[in-house]
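Labels below follow one simple rule: chain letters A, B, ... track the order of the sequence lines, proteins then strands, and each chain is numbered from 1.
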Number of protein chains: 2
Amino acid sequence: MSGLSQTLTRAEQRCQQQGGRMTTQRKQVLALLLSQAGPQSAYQLLAQFKHQYQANAQPPTIYRALDFLVQQGLAHRLSSTNQYLACGHITCQHDHQGTLFLLCDTCGGVQETPLLKGAVSQLQQQLGREGFQVQHEPLLEIHGRCASCAVA
Amino acid sequence: MSGLSQTLTRAEQRCQQQGGRMTTQRKQVLALLLSQAGPQSAYQLLAQFKHQYQANAQPPTIYRALDFLVQQGLAHRLSSTNQYLACGHITCQHDHQGTLFLLCDTCGGVQETPLLKGAVSQLQQQLGREGFQVQHEPLLEIHGRCASCAVA
DNA sequence: TTTGAAATGTTATAACATAACAATTTCATG
DNA sequence: CATGAAATTGTTATGTTATAACATTTCAAA
């Protein structure tokens, strides 16, 4: 578990390696994402951004920053809920072949886990069978009920 | 490969078994879906519905029909593209544990295939590890390039 | 220090989806 | 058949998500 500033530093390093510019604004949005308990909609983030950083910010500001962060692998977009969250593996050396998001429909929380090798190879088999070529790591979203909510 | 009317009949049977009412309107929307080459947005379907069936139809008409069809397992919603398509397995006895959609970013087409058992059990393993309970068959969407587009 | 590409600001609008309530239809049951 | 509760459909309005388009500014490399 590393602190916020360490994470931001690490994120900056990653951008440099990948030829991306980590500007103040983008860092602010990433910081916002990192401070959240759960995934947020773009407009929720916009509201917080306006409150904390820039009162007159407009949607494109947030969407551009989010697009950038997603491109750089520092954030993820959950397409099944139209939400965004910081990547849970900014500080670790992650060598994923894909990511699995477990979305709890009860509490709205998300668990992000690397796809296990076994699952990856099974999926690859299935893709190969169809002659389908994947360009980016697949992000798989599965809905259900998380462990905490299952207890209650 | 069964014809449109056969498929609609089969769909009707399924609804009855599941306690759903297959109305004229819903059948019309399903027929629209079945006549498509690829997945369509709700508003594309609305435009076609207005053209073919009811000139003054409004968005709720389409969304309600789509919601119903998805509930009954006769159609799917692709959350990564906000599109809808007819289930490719209305006429077969399908005993899926989940479905994998291969979305071609080049031609916009979709390949729908049942999740192979191996992949299912790998994913289940991973879910079990997190204590996560799935309520519905997972629908997994993977983007990439389909076989035809890979050739070109 | 120019200069051009990238980033940001700003206005407007497109695209996706649902709330809320009225009217109608359906269909089990009296 | 009558009829009334539940489901479906009609209709208006609006909420939510996302991007187009163009102006301005920033910033690093030549």
Requested in this report: Treat primed atoms plus P, OP1 and OP2 as sugar-phosphate and everything else as base, then score nucleotides 24-30 of chain D 5' to 3': B for base contact with protein heavy atoms under 4.0 Å, S for sugar-phosphate contact only, - for none.
Outcome: -------
Report summary line: Taken to the nearest whole Å, CE/Met22(B) to P/dA7(D) is 18 Å
Query raised in the report: Looking at residues at least two apart in the chain, or sitting in another chain, which of them share a ring pair (Phe, Tyr, Trp, His ring centres under 6.0 Å) with His89(A)?
Result: His96(A)
**Report entry** pair Tyr53(B)-Gln25(B): side-chain heavy atoms closer than 4.5 Å
**Finding:** no
Pairs of donor and acceptor atoms involving the side chains of residues 55-69 of chain B, under 3.5 Å and at least two apart or interchain, shall be tabulated with distances.
residue, atom, partner, partner atom, Å
Gln58(B), NE2, Asn56(B), O, 3.0

Report task. Report the end-to-end axis angle of the helix from dT1(C)-dA30(D) to dG30(C)-dC1(D); each axis comes from five terminal pairs, and the value is rounded to 10°. Result -> 20°
Query raised in the report: To the nearest Å, how far apart are Phe68(B) CZ and dT8(D) C1'?
Result: 11 Å
Query raised in the report: Among all residues two or more places apart in sequence or in another chain, which pass the side-chain contact (heavy atoms from CB on, under 4.5 Å) test with Thr9(B)?
Result: Gln13(B)
Report summary line: Sorted by chain and number, sequence neighbours left out, side-chain hydrogen bond (donor to acceptor under 3.5 Å, both in side chains) with Lys27(A) holds for Glu12(A)
Query - Short side-chain N/O contact from Asn56(B) to OP1 or OP2 of dG10(D), under 4.0 Å - result: no
Which atom pairs link the protein and nucleotides 17-20 of chain D when you take only N or O atoms and keep those under 3.5 Å?
residue, atom, partner, partner atom, Å
dA18(D), OP1, Arg77(A), NH2, 2.2
dA18(D), OP1, Asn82(A), OD1, 3.4
dA18(D), OP2, Tyr63(A), OH, 3.1
dA18(D), N7, Tyr43(A), OH, 2.7
dA18(D), N6, Tyr43(A), OH, 3.3

Query raised in the report: Can you list the residues that meet the side-chain contact (heavy atoms from CB on, under 4.5 Å) rule with Gln16(B), with sequence neighbours excluded?
Result: none
Query - Between C1' of dT11(D) and NZ of Lys50(B), the distance in whole Å - result: 13 Å
Report summary line: Residue set satisfying side-chain hydrogen bond (donor to acceptor under 3.5 Å, both in side chains) with Arg145(B), at least two apart, ordered chain then number -> none
Report task. Could you pull out the closest heavy-atom pair between Pro39(B) and Leu78(B), with the gap in Å? Result -> CB-CD1, 3.9 Å
Query raised in the report: In whole angstrom, what separates Gln25(B)'s CD from dT24(C)'s P?
Result: 15 Å
Report task. Could you check how far CD of Gln16(B) sits from P of dC27(C), rounded to whole Å? Result -> 10 Å
Query raised in the report: Just how far, in rounded Å, is C1' of dT18(C) from CD1 of Ile62(B)?
Result: 15 Å
Just distance, no hydrogens or angles: give the donor-acceptor pairs under 3.5 Å from side chains in residues 97-111 of chain B, sequence neighbours left out.
residue, atom, partner, partner atom, Å
Asp105(B), OD1, His143(B), ND1, 2.7
Gln111(B), NE2, Glu130(A), OE1, 3.2

**Report entry** Thr23(B) vs dT9(D): side-chain N/O to OP1/OP2 distance below 4.0 Å
**Finding:** yes
Report task. With sequence neighbours left out, write down each residue that passes side-chain hydrogen bond (donor to acceptor under 3.5 Å, both in side chains) with Gln40(B), or none if nothing qualifies. Result -> Gln36(B), Gln48(B)
Query - Distance in angstrom units between Leu66(B) CG and dT9(D) C1', rounded - result: 15 Å
Requested in this report: Would you kindly give the CD-to-P distance between Gln58(B) and dG15(D), to the nearest whole Å?
Outcome: 17 Å
**Report entry** All side-chain contact (heavy atoms from CB on, under 4.5 Å) counterparts of Thr91(B), not counting sequence neighbours
**Finding:** Ser2(B), Thr7(B), Arg10(B)
